[in-house]
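Reviewing the structure listed below.
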Amino acid sequence: MIRFEKLALNNGLKVIIHNDPSTTIVAFNLLYNVGSRDESINKTGFAHLFEHLMFEGSINIPSYDKPLQNVGGENNAFTSNDITNYYITLPKQNIERAFWLESDRMLGLDFSTKKLEIQKNVVIEEFKQRYLNQPYGDAFLMLRALAYKVHPYQWPTIGKDISHIQNANLADVKDFFLHHYAPNNAILCIAGNVTANEMRPLAEKWFGNIPRRKISQRNLPAEPEQKKARTQTELRNVPFNAIYKAFHMSSKLENEYYTTDLISDLLANGKSSRLYQNLVKDKKMFSEINAYITGDIDPGLFVITGKLMNLTSMDEAEEAIDIELQHIIGGDISDYEIEKVKNKFESVYQFSQLSALNKAMSLSYFELLGDADLINHEIEKYRSISKENITQLASKLFKLENSSTLYYLSKK
Amino acid sequence: MDFNRIQQPQFKNIEEINIPIPKQIKLDNGIETFIINAGTQEVLKIDLQFNAGSWYQEKPLIASTVNEMLTEGTKSLTSQQIAEKLDYYGAFINPQPTKDYGNISLYTLSKYLPETIKILEDVVKFPTFPEDELSTFLAKRKQNFEIELEKVNNIARREFNEQIFSSNHPYGKKANIVDYDNITPGEIIQFHKNFYNADNCKIILSGKVDDSVISILNQHFGNNKWNNNSKFVDTKYKIPSRIKKLSIVEKEDVTQSAIRLGKVTINRDHSDYHNLNIVNTILGGYFGSRLMKNIREDKGYTYGINSVLVSLKNAGYFVILSEVGSNVAKEALSDIITEIKKLREETISQEELNLVKNYMLGDILRSFDGAFEIASSFKQIIELGLDMSYFQKEIDAIRSIRPQEVKDIANKYLHEDTLATTVAGKYN
């Protein structure tokens, strides 16, 4: 059980405080309710590019990093399809510095063309380092675009194309800030040896007088039901063939989400899982195979990826995967096996609670979903899933017409 | 505005850092065991360390194959049974082969320790390395190896290690694709026999540890001199005094080139190490470092650049690493050299040095926050057999270093003319 207190400031900022007396470090996590799904189709990669600019100085403070490093603090951030999350860890005695820095960049940024140009270059190098200059690095970019035709999940956080980043200008950037960065679009969580009584006055002082802003209404087009199987074949300079499959699944807020996650665990969580034991160890058809859910807030994807052993043909590989999915649909699952994946979820959950920063991130995220207390109900949600839930859902999920498959073939 | 946002809030220097010192005990059979009892959650981690790294192997890949195949079948359990049990208890056994050590760690919920430690005992003492498991493992690894060879970062790492240590030295020798076809079960079994035994083992136990946990550990790993037929041979190798200054491995169709610059240098057991570590942090050891500021934040040549000091058991090395736009590799290299020169020729400002000191002290606080963090911080100190006051000395060094010493250390250890350079990809 993770206990916490919630405060709401008049300007709409939500503040969560979690007391963890076992740590000397405080985690300060600020989540903005904006991600790459909020970008327009011609200006993708923007939420992430903007995250970079958040470190380039704010209206009253020329350098973000220095004053933090100077008090023993460390920080970073990440952008996903759904959120942009900034975090700091620092010694408790200097916690006010986190309030000072984060509130100032919520108030306003010190934009300049030069800073923008440099961060555009940095992000383009990141694009290359993570995706374009890696074997198989562009596969997921293509799989998204195959699976989604309407919803913005069709492009990745890094952006659809390098040119979108190259073309970003200062007016776009300022516009993005005013429409998405505001106290009424953010959740702050502080976790560590701190109490709500200590934090409230600091939150009021530093964030309390930042005005509300008018946030862009999120009005995302729903992805229409897929009616026909989609496939795409690409030839690349890689040593071995690979297969990538995606099935549309539910949103994070539906009960089906948890069942779908458990199905991915049955298939691929741990070395005892079905795909690994049957297709890697027994049949020796793949050198590696994985199944997971994308974990998005809007309806996401159930993904299967595998690298084929040299002697396996693509047809054999695909058929072998299909047989495994049919076994799930057919209910060829023991109670023991279901118990096993539930145990594993519970264990991983417990290990994840060791760090104050992890807890701060989770609390902020669940608050975004509706209530930070959801964090305390995760285990029971997984525990309550029955075999019938699994087979029923699997027969809907793994329909051929719900699938998008990318055949990623070696030129060699 | 009713208050001044330009003025930074008061801060306090980090005065007190409480470094928890692991408690040292010996199991009944003499195995040195280090205990870190911390945290509030009912979880445990057991690290077993064997002097069984690639340093000791007679052929490439033997040491890592042994380490990673411990869980692939024992006298009483098949590979699948091991995997089933671990997953059922939500436990993890992670092998971690390095150049010097064969490490294997168990992460478990405390309530399942009696069951999961049995599995750990079994895989460490009685692995059988079944032939079919071995051939599946090697075929899989061989394919992964080929994929890794497509990555410029990996190409540069292999080339750089050979450059500074030479191909005759265990730290420099590269594995090749054909090596995957030349491993026999006999060699694997023999290596395990020689190196995985009680006399060649150290243990770190961390998490919520009480007497009953220690007694269970003793029951499984302390009751006799298990596997004792140690044929421990520790050969010494020479590190070349002349190295190839520049090595370029061309790769077509790349958008980034991986670069490395570095040299063999002192490791943690040397009295200058703490100061060199501070100098390394200034240069490339944190986000605000000089290399990050220049190569990333001023030029936009890269997503990231850093410099690292690596302490191996028989040598240490210093390396700067980055992946940069393939059209700016030359410019990036020249800027890196400029930064090193600056460090040698100009005296650092007290302001910058203070910032680095404060950052490093905060980092030490972070690295001792939690039982598993404490365990991993002490891991290398224990491996190298260093004094437990190591981190206290580090704190003292950080607090006392002066600008002139930074310059002296840079001149003594980091002269740009002594560095080897590796580029993988394109070099314009």
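Just so it is clear: chains get the letters A, B, ... in the order the sequence lines come, proteins before strands, and each one is counted from 1.
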Shortest non-hydrogen contact from [X] toward [Y]:
X: A/Ser287; Y: B/Lys140; value: O-CG, 3.1 Å
X: A/Asn237; Y: B/Glu150; value: O-OE1, 4.0 Å
X: B/Phe372; Y: A/Leu354; value: CE1-CD1, 3.6 Å
X: B/Gln143; Y: A/Phe240; value: O-CE1, 3.3 Å
X: B/Thr255; Y: A/Asn133; value: N-OD1, 3.0 Å
X: A/Asn94; Y: B/Lys12; value: OD1-N, 2.9 Å

Establish, from distance only, whether the side-chain atoms of [X] and [Y] form a donor-acceptor pair under 3.5 Å.
X: A/Gln119; Y: B/Glu297; value: yes
X: A/Lys281; Y: B/Ser79; value: yes
X: B/Gln80; Y: A/Tyr276; value: no
X: A/Glu74; Y: B/Tyr359; value: yes
X: A/Glu125; Y: B/Gln256; value: yes
X: B/Arg366; Y: A/Thr24; value: no

Take a 6.0 Å sphere around [atom1] of [X] and say whether it holds more than 12 heavy atoms from other residues, nucleotides or ligands.
X: A/Lys284; atom1: NZ; result: yes
X: A/Glu117; atom1: CD; result: yes
X: A/Lys128; atom1: NZ; result: yes

State whether the side chain of [X] and the backbone N or O of [Y] hold a donor-acceptor pair below 3.5 Å, judged by distance alone.
X: B/Asn358; Y: A/Val71; result: no
X: A/Ser347; Y: B/Gly90; result: yes
X: B/Gln41; Y: A/Phe351; result: no
X: A/Arg97; Y: B/Gln8; result: no
X: B/Asp87; Y: A/Ser272; result: yes

Given that the side chain runs from C-beta out, which part of [X] has a heavy atom under 4.5 Å from chain A: side chain, backbone, both or neither?
X: B/Thr71; answer: side chain
X: B/Glu352; answer: neither
X: B/Asn13; answer: backbone
X: B/Lys299; answer: backbone
X: B/Lys293; answer: side chain
X: B/Ala139; answer: both
X: B/Phe92; answer: side chain
X: B/Val356; answer: neither
X: B/Phe368; answer: neither

Which portion of [X] sits near chain B, non-hydrogen atoms under 4.5 angstrom:
X: A/Gln277; answer: side chain
X: A/Ile210; answer: side chain
X: A/Phe127; answer: neither
X: A/Ile61; answer: side chain
X: A/Lys115; answer: neither
X: A/Glu56; answer: side chain
X: A/Ser355; answer: neither
X: A/Leu90; answer: backbone
X: A/Asp65; answer: side chain
X: A/Val280; answer: both
X: A/Asn310; answer: both

Who among [options] has the most heavy-atom pairs with chain B under 4.5 Å?
options: A/Ile95, A/Val122, A/Leu132, A/Asn343; value: A/Val122
options: A/Gln129, A/Gln93, A/Glu96, A/Lys344; value: A/Gln129
options: A/Val123, A/Asn269, A/Asn121; value: A/Asn121
options: A/Met309, A/Lys114, A/Lys66; value: A/Met309
options: A/Gly73, A/Gly137, A/Pro67, A/Pro21; value: A/Gly73
options: A/Trp100, A/Phe286, A/Tyr136, A/Phe99; value: A/Trp100

Please assess A/Lys271 against B/Glu72 for the test salt bridge (charged side-chain N to carboxylate O under 4.0 Å, His left out), listing each intermediate value before the final yes or no. CA-CA 10 Å; A/Lys271 275 167 112 182; B/Glu72 298 302 320; 2.6 Å; yes

Consider side chain to side chain contact (heavy atoms under 4.5 Å, CB included). Of B/Leu361, B/Leu365, B/Ile17, which one does A/Pro91 pass it with?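 Checked B/Leu361, B/Leu365, B/Ile17 against A/Pro91; only one passes side chain to side chain contact (heavy atoms under 4.5 Å, CB included): B/Leu365.
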
Step by step, would you call B/Tyr303 with A/Ile124 a side-chain contact (heavy atoms from CB on, under 4.5 Å)? CA-CA 8 Å; B/Tyr303 176 51; A/Ile124 288 167; over 6 Å; no

Would you mind telling me which of B/Val324, B/Ile147, B/Ile14, B/Thr40 has the largest number of heavy-atom pairs within less than 4.5 Å of chain A?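 Option with the greatest count: B/Ile147.
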
Assert top hit (heavy-atom pairs under 4.5 Å, partner chain A, pool B/Val43, B/Leu109, B/Asn354, B/Val254) equals B/Leu109

Between A/Phe55 and B/Phe287, ring centroids under 6.0 Å: no

